[in-house]
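Structure first, commentary second.
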Amino acid sequence: MDYLKNLNEPQLEGVMNTEGPCMIIAGAGSGKTRVLTMRIAHLIKAQEVDPFNILALTFTNKASKEMRNRIEDVVGHEARNIWMGTFHSIFARILRAEASKLGYPSNFTIYDTDDSKSLIKNIVKEKGLDDKVYKPNTVLNRISAAKNRLVSWQEYLKNPIYRADDESAMKPEVGNIYQAYADRCFKASAMDFDDLLFNTNVLFRDHLDVLNKYQQRFRYVLVDEFQDTNLSQYLITKKLAAVNQNICVVGDDAQSIYAFRGADIQNILNFEKDYVDLRVIKLEQNYRSTQNIVDAANSVINKNRAQLKKKVWTENTPGELIEVIKASSDNEEGKLVASNIFEEKMHHQLSYEDFAILYRTNSQSRSIEEALRRANIKYKIIGGLSFYQRKEIKDILSYLRFAINQQDEQALRRIINLPKRGIGPASVDKVVVAAYEHDITIWEVLENIHSFLSGRTANAIADFVTMIKAFKLEIERKDAFEAATHIAKNSGILRELYEDKTIEGLNRYENVQELLNAIKEYVDNEENEDKSLGAFLQEIALLTSVDQDKSEDNDLVTLMTIHMAKGLEFKYIYVVGMEEDLFPSQMMLSSRADLEEERRLFYVAITRAKIKLCLSYALNRYRFGRLKNCEPSRFLEDIDPKYIKVNRLQKGSDALAFDQLNPNHGTGSQYARNLVNSVRKKPAPNPQHYHKPDKDFAPSDTSGLAEGMKVEHAKFGFGVVTMMDNLGANKKAKVNFEKFGEKTLLLSFAKLKIHDS
DNA sequence: TTTCTGTACTAATCA
DNA sequence: AGTACAGAAA
């Protein structure tokens with residue numbers, strides 16, 4: 001068993017003891033992924049467990065792909081048959097198979113966050129509530145938190161605690177919005193991300209035969225990043241492992257950074273109570289980083305109160321001290337980091353792929369990118385706006401979604417007037433109201449539109465329905481790729497993009513081509529058993545941009561958020577934007593628990609580095625298009641100073657000069673800027689300047705209007721007709737107004753009173 | 001109904 | 001710096 005070589009004592013223990021419940025508490029860089037992969041390999045090779053009986057759950061597709069590859073290296077192609085993937089993807093797959101038990105079609109749609117938010121927006125509007133109070137984001141977070149704690153809308157409405165919470169937040173209607181939201185999702189045959197887990201719980205609760213089937217199937221259950229599971233996920237795994245009791249979880253409480261998604265460190269503590277015969281293994285030796293980095297990380301995490309005691313140590317060399325870079329602005333920060341990377345690369349003969357730049361928020365990537373481009377340093381961005389979130393892609397996907405599932409309300413709203421076909425929001429509202437009044441689906445109203453509406457809009461809708469029905473047939477008859485191509489072409493989207501000859505237009509056109517290629521690839525890939533368009537859509541709904549790395553050139557500097565970096569390692573790590581209100585984020589300052597989570601995030605960032613860590617901050621930064629002063633992050637002070645190199649003055653930096661110029665943090669210049677802005681600002685149009693007609697003002701019949709007539713306009717006041725244009729369907733008149741000058745008015749719209757002839 | 005324009009508001013992290 | 005929305009004009 002040569003795969004067992006090079007494992008230390010506790011690691012070996014984690015690999016060999018495959019039976020019974022087991023929890024591995026693994027410090028950063030202690031080789032936990034290695035233990036997990038070797039454990040699975042051991043199950044297959046030594047214990048002859050059928051890969052089909054192993055369920056391994058991860059948090060990102062990237063992690064699961066990587067793990068599968070590493071297992072494949074040991075056990076060969078059999079690794080393919082392991083049930084390995086993210087919680088969401090695995091249970092979406094199971095729900096697809098069992099959907100009918102929950103009253104869903106197997107082709108249910110998966111709503112992404114945008115779909116959810118816009119649905120909530122619609123509901124708030126329909127209920128006549130104030131959208132300033134019920135912001136989609138806030139409401140969705142509240143609903144999401146409830147679902148992650150397995151609280152249905154019925155229980156939510158019943159529970160006085162939630163009611164009191166909502167009332168003290170001046171949002172008493174949240175429960176009712178939750179109810180409407182759940183109802184509309186169900187009617188749309190749609191599940192949001194949280195529903196995938198929530199409904200899996202419902203499925204296992206209400207259908208014991210189904211639960212039993214999967215309990216038998218998954219004889220071994222393994223969970224990576226266990227500290228990031230929420231209650232919903234925790235209960236699923238617990239239920240699945242209830243019969244065989246072969247459950248192994250791996251985690252590190254110091255790296256729990258997903259509380260905002262309902263993750264609960266308590267799960268680790270509860271785990272010990274749930275399994276009396278639990279074997280607990282601690283991995284504390286760090287193999288990844290230098291002594292200085294490990295010690296600095298420890299000094300940071302020790303500032304947190306809530307944590308399990310554990311000592312991460314290393315035998316590695318002390319290595320370099322941590323460098324702190326101070327810059328005058330975000331742009332300069334980018335420049336300094338770029339030149340620093342270039343120097344280190346040259347000096348130590350490194351590749352660009354040895355470097356990663358981490359930041360708290362995606363919006364910070366802009367200034368860094370700019371600097372890297374100027375310095376001719378190649379880079380790749382992970383995360384940010386994903387390919388599947390682009391407008392043109394979402395448009396096409398909405399067509400595909402709606403052709404498959406006619407109940408998908410959000411997809412319908414997106415495409416019904418795209419390209420423009422004369423069906424405006426007013427008509428859509430009428431349709432929705434009609435559906436509500438007759439208690440039928442929106443699609444049924446559309447199919448029989450002539451019973452509800454007449455005229456041009458009704459015809460447009462009838463044409464739309466005919467088109468969708470044709471698409472449906474296309475999907476039934478042809479494979480996913482051909483059907484999608486047909487829909488892209490015949491919906492008119494592709495043509496509209498093709499006619500747009502701007503650079504962005506060309507880009508969009510290419511993106512659609514790329515989407516079609518992706519479908520082709522999906523169809524051609526032998527590993528996908530279900531090649532239908534519906535399966536493809538469900539799969540990509542759970543994909544993020546992390547999962548698509550196809551670039552030929554791999555020697556690139558990596559840019560990403562700290563969250564994305566979890567589980568990865570690089571020789572050189574740059575953490576940028578070490579400023580108050582940015583990192584820690586200003587939204588995390590309200591409670592100790594929030595601040596501690598933020599600090600764990602910093603811990604994660606530090607421990608990604610193998611050889612050198614570099615932290616940077618800027619004194620000024622553009623936010624919302626305005627320059628803001630910033631202060632260095634309190635986290636810099638959390639590091640024991642003996643691990644930090646006192647920085648030489650940056651050459652080429654005017655940071656010092658800037659400080660001298662602006663001893664008061666640049667308030668003077670801000671004042672000057674405000675002055676300039678106030679001068680530049682155009683005076684706001686004053687409605688009081690508009691003409692006020694008599695209260696008995698009534699528009700005249702303008703069919704006999706002619707040049708030279710004196711008229712009164714409701715807003716522009718008195719004027720003289722200077723020219724008539726009676727050609728074509730739209731009669732126009734040019735009127736020279738006393739106060740507003742010459743205007744061209746469409747007579748079918750303009751309200752004019754004729755004052756003399 | 002559509003298009004244009006100015007304004008107000010925004011960016012926390014992921015599946 | 002972007003974009004989403006409202007309101008005006010066509």
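Chain letters run A, B, ... following the sequence lines, proteins first, then strands; residues in each count from 1.
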With the side chain defined as heavy atoms from C-beta on, A:Thr457 is closest, among B:dA11, B:dT1, B:dT2, to B:dT1
Which nucleotide wins on minimum distance to the side chain of A:Thr561, given the candidates B:dT2, B:dT13, B:dA15?
B:dT13
Of the nucleotides B:dT1, B:dT13, B:dT2, which has the atom closest to the A:Asn417 side chain?
B:dT2
Nucleotide nearest A:Arg366 when distance is taken to its side chain, options C:dA1, B:dA11, B:dA12:
C:dA1
Rounded interatomic separation in angstrom, taking OH from A:Tyr359 and P from B:dT13:
10 Å
The side chain of A:Phe624 lies closest to which of these nucleotides: B:dA15, B:dT13, C:dA1?
C:dA1
Here the distance between atom C1' of B:dA12 and atom CD of A:Gln586, to the nearest Å, is 10 Å
Do A:Arg360 and B:dT13 have a side chain to base donor-acceptor pair shorter than 3.5 Å?
yes
Students often get this wrong, so: under 4.0 angstrom with heavy atoms, is A:Ala541 touching a base, only sugar-phosphate, or nothing?
nothing
How long is the line joining CE of A:Met587 and P of B:dT10, in whole Å?
10 Å
Any A:Ser427 side-chain N or O less than 4.0 Å from OP1/OP2 of B:dT1
yes
Please measure how far the C1' atom in C:dA6 lies from the corresponding atom in B:dA11, and state the result in whole Å.
23 Å
Nearest-Å distance for atom pair CE/C1', residues A:Met560 and B:dC14:
14 Å
Among B:dA15, B:dC9, B:dT2, the nucleotide that comes nearest once only the side chain of A:Phe193 is considered:
B:dA15
In whole angstroms, how far is the P atom of B:dA8 from the NZ atom of A:Lys135?
16 Å
Short side-chain N/O contact to B:dT13 OP1/OP2 from A:Asn362, under 4.0 Å:
yes
Atom CG of A:Leu418 to atom P of B:dT1: distance rounded to whole Å?
16 Å
Answer yes when A:Arg93 and A:Glu539 have at least one side-chain N-carboxylate O distance shorter than 4.0 Å, and no when they do not.
no
NA contact type, A:Tyr258, heavy-atom cut-off 4.0 Å: base, sugar-phosphate, or nothing?
sugar-phosphate
Could you state the NE2-P distance from A:His88 to B:dA15, rounded to the nearest angstrom?
9 Å
Rounded distance in Å - NE2 (A:His563) to P (B:dA11)
17 Å
Between A:Tyr181 and A:Ser116: side-chain donor-acceptor atoms closer than 3.5 Å:
yes
Select from A:Lys430 and A:Gly625 the residue whose nearest nucleotide in DNA chain B is closer to the 5' end of that strand.
A:Lys430
Reading DNA chain B from 5' onward, which residue's closest nucleotide shows up sooner: A:Phe59 or A:Gln364?
A:Gln364
Minimum-distance pair of heavy atoms, taken over all atoms of A:Asn148 and A:Arg261
ND2-O, 3.1 Å
Distance-only donor-acceptor test (3.5 Å): side chain A:Thr361, base B:dA12
no
Under 3.5 Å, is there a donor-acceptor pair linking the side chains of A:Glu332 and A:Ser329?
no
What distance, rounded to whole Å, do you find between the two C1' atoms, one in C:dA4 and one in B:dT13?
23 Å
Measure the distance between the ring centre of A:Phe260 and the centre of the six-membered base ring of B:dT13, then answer whether it is under 5.5 Å with planes under 30°.
yes
What contact category does A:Ser585 fall into here, base, sugar-phosphate, or nothing, at under 4.0 angstrom with non-hydrogen atoms?
nothing
Which heavy atom in A:Ser89 sits nearest to a heavy atom in A:Asn61, and how many Å separate them?
OG-OD1, 4.5 Å
Can you see whether A:Tyr603 has A:Arg600 sitting over its ring - NZ or CZ less than 6.0 Å from the centre and within 45° of the normal?
no
